[in-house]
Structure formats: structure tokens, C-alpha cells
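Here, residue 1 is the first one in the sequence, and each next residue gets the next number. Being a predicted model, the structure only gives us computed values, none of them experimental.
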Amino acid sequence: MDTLNEGKGRCLATSRLLIRPVRAVIELGAAGDVLSAAIRAVHHANRHGSVEDFIAIAFPTMKMGRETMLSGDDIELIGSDASLGRFLELEGIITLKRRGMLEETFPDQVYADEGMIGAAYVRDRAVEKHTPGWIRRTEARAARRGKPLGKAVKQRENDLKSLILTHGTTVLHIREVLGPFTDRPLHVSTYGFSASGDPAILPVFPESARTVDNAD
């Protein structure tokens, strides 16, 4: 049986793929179904692929709503032609296309200059460690291992300034961090996000960066 990848892998960042629901899906309020399917597919691709060819997830239209951060309708995937091609062949994505839920899309080459503004999409695990789901999983893990739970963690509500995503029973808190794109290696998790201590600045130009440019 093949071992599934865990932890970080390298994102080659040579190609991009735009995942955009068709207008009818957005108007019906079903864009969240596309988002969930894309996250599941990226996780599957990264878990089963090469650690030298992970896919990263970006939310170029992410913005603050009235009460919480919103993902926007577009999802941009960054990887290689090979990894993004395999992504498009996964059952969940094929199902979305067969149902006519996605606009037609193909991997396209990344054009990025060192020093241009990009964005990292960082999983904030410090916030997650105080959420009810994390506490439940920690308690269950301690019970399975027959070990003491340790110091009790005070429960907090979800951080509404982060983008809150769900993957099965796991809740992900994602922050957007702007910064200059460099030629250093980019590393993301199997979920397609980077860590707060090592933000992977992707060659994307999100709406938040455009707002900063306009303000100048």
C-alpha cells in the first residue's frame, strides 16, 4: 500500500488554473459546493502526488463581508502543468464539469517577475487550537493513545477575520498575507496552504493588492 503524503511539499509555481463557477451556480448560492470540491481535490492530489509537485490554493477575490471573511467566487490553483492536469482528471472535478457547474478552464503559464506583489494563503493553526473541533479531536487522540490530555485549552469562537473553511470535520482558518514574490522555493501543506512561519508568496495578484495600489 502506498504511503500518503503528510506535512509540506514543494509547489513549483510554473502554471496556474482558474476554478470559476458558472453564473447560474453563483446565483443559486451553490458556489460553496465548488469551493468544497476543489479543496477536497487539491488535498487528494497532494496526498497522492509527489512531494516535489504540490498544488497551492489562492483566493484572489477574497474579501471581508459584513460579519466574516468571504472567499469570493474564484479559486486560483498554482502548481505545474502536470499536477494541475492530474487535478482536472479527478472524479470530483470531472463531476462538476459534467454537471456544467464550471467555466471551461485549462492550465496556463505563470508570468511573474521577482519583486512583484503576490500573496500567501496561510493556515492559522494558533486560532484553530482553541476551536471546539480541535479540542474534540485532541481529546479523542489522547483517549486512543491512552495518554493524559494535558493542560486544558480555553475554547474560543472562530476568528471571523480569517476565511473559515471546512474539510470533513477539520476547520481551517486561512489568512491572506501580501508580500513580494521571490525565486525561493515555495512550500505548502497537503491542503494547499502555507504555514504562518513560512508564508509561500504565490504569483497571484489578489483584489486586496489592487486596493492598496489604488490607495497609493
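Atom NE2 of residue His167 and atom NE2 of residue His43 lie 4.5 Å apart, to the nearest 0.5 angstrom. In this structure, Ser36 OG and Leu165 CG are separated by 8.0 Å, a value rounded to the nearest 0.5 Å. Distance check, rounded to the nearest 0.5 Å: CD of Gln109 to OG of Ser15 gives 7.0 Å. Atom-to-atom distance recorded for Arg123:CZ and His173:NE2 is 10.0 Å, nearest 0.5 angstrom. Between Leu172 atom CG and Ser162 atom OG the span is 11.0 Å, to the nearest 0.5 Å. Here the CD-CD1 distance, from Glu103 to Ile19, works out to 10.5 Å after rounding to the nearest 0.5 Å.
For the residue pair Glu89 and Ile94, the shortest heavy atom distance occurs at O-CD1, 3.2 Å. Ser71 and Leu35 get closest at one heavy-atom pair: OG-CD2, 3.8 Å. Of all the heavy atoms in Thr190 and Asn5, the pair that sits closest is CG2-O, 3.6 Å. Contact detail for Leu186 and Ala13: the closest heavy-atom pair is CD1-CB, 3.7 Å. Closest approach of Pro107 to Asp81, counting heavy atoms only: CB-OD1, 3.4 Å. Residues Phe87 and Ala38 share a closest heavy-atom pair of CE1-O, 3.8 Å.
Follow the hydrophobic side-chain contacts under 4.5 Å out from Ile75 and you reach Ile93 in the same cluster. No path of Ile, Leu, Val, Met, Phe, Trp and Tyr side chains, each step under 4.5 Å between heavy atoms, connects Ile78 with Val188, placing them in separate hydrophobic clusters. The hydrophobic cluster containing Met64 also contains Ile174, counting ILVMFWY residues as joined when their side-chain heavy atoms lie under 4.5 angstrom apart, directly or transitively. There is no path of hydrophobic side-chain contacts, each under 4.5 Å, that joins Met62 to Val122.
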### Query
When you look at Ile57 and Ile39, which way does the side chain to side chain contact (heavy atoms under 4.5 Å, CB included) test go after all the steps?
CA-CA 8 Å; Ile57 300 179; Ile39 292 174; 4.3 Å; yes
### Task
Walk me through it: do Arg10 and Leu12 pass the test side chain to side chain contact (heavy atoms under 4.5 Å, CB included)?
CA-CA 6 Å; Arg10 183 171 181 177; Leu12 297 179; 4.2 Å; yes
### Query
Could you walk me through whether Tyr191 and Thr170 pass the side chain to side chain contact (heavy atoms under 4.5 Å, CB included) check?
CA-CA 11 Å; Tyr191 289 107; Thr170 301; 4.0 Å; yes
### Task
Begin with the C-alpha distance, continue with both residues' side-chain angles, and end with the deciding distance and a verdict on side chain to side chain contact (heavy atoms under 4.5 Å, CB included) for Glu6 and Arg47.
CA-CA 7 Å; Glu6 296 181 357; Arg47 288 272 277 167; 3.4 Å; yes
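Counting heavy atoms from C-beta outward, Val110 and Phe181 have side chains that stay 4.5 Å or more apart. Between Pro21 and Met101 the shortest side-chain heavy-atom distance does not fall below 4.5 Å. You'll find the side chain of Pro60 stays beyond 4.5 Å of the side chain of Val204, heavy atoms only.
Under a 3.5 Å cut-off, the side chain of Asn46 and the backbone N or O of Phe54 do not form any donor-acceptor pair. With Thr105 contributing its side chain and Leu18 its backbone, the two residues share a donor-acceptor pair below 3.5 Å. Between the Tyr121 side chain and the Phe59 main chain, a donor and an acceptor come within less than 3.5 Å of each other.
There is no side-chain donor-acceptor pair under 3.5 Å between Thr61 and Asp74.
Under the salt bridge (charged side-chain N to carboxylate O under 4.0 Å, His left out) criterion, Asp53 pairs with Arg86, not counting sequence neighbours. For Asp198, the salt bridge (charged side-chain N to carboxylate O under 4.0 Å, His left out) partners are Lys8, Arg184, not counting sequence neighbours. Legend: residues meeting salt bridge (charged side-chain N to carboxylate O under 4.0 Å, His left out) with Glu76, ordered by chain and number and at least two apart, are Arg16.
None of Leu102, Leu17, Leu77 except one satisfies the side chain to side chain contact (heavy atoms under 4.5 Å, CB included) rule with Leu88; the exception is Leu17.
Counting non-hydrogen atoms of neighbouring residues, nucleotides and ligands closer than 6.0 angstrom, the CD atom of Glu91 reaches no more than 12 such neighbours.
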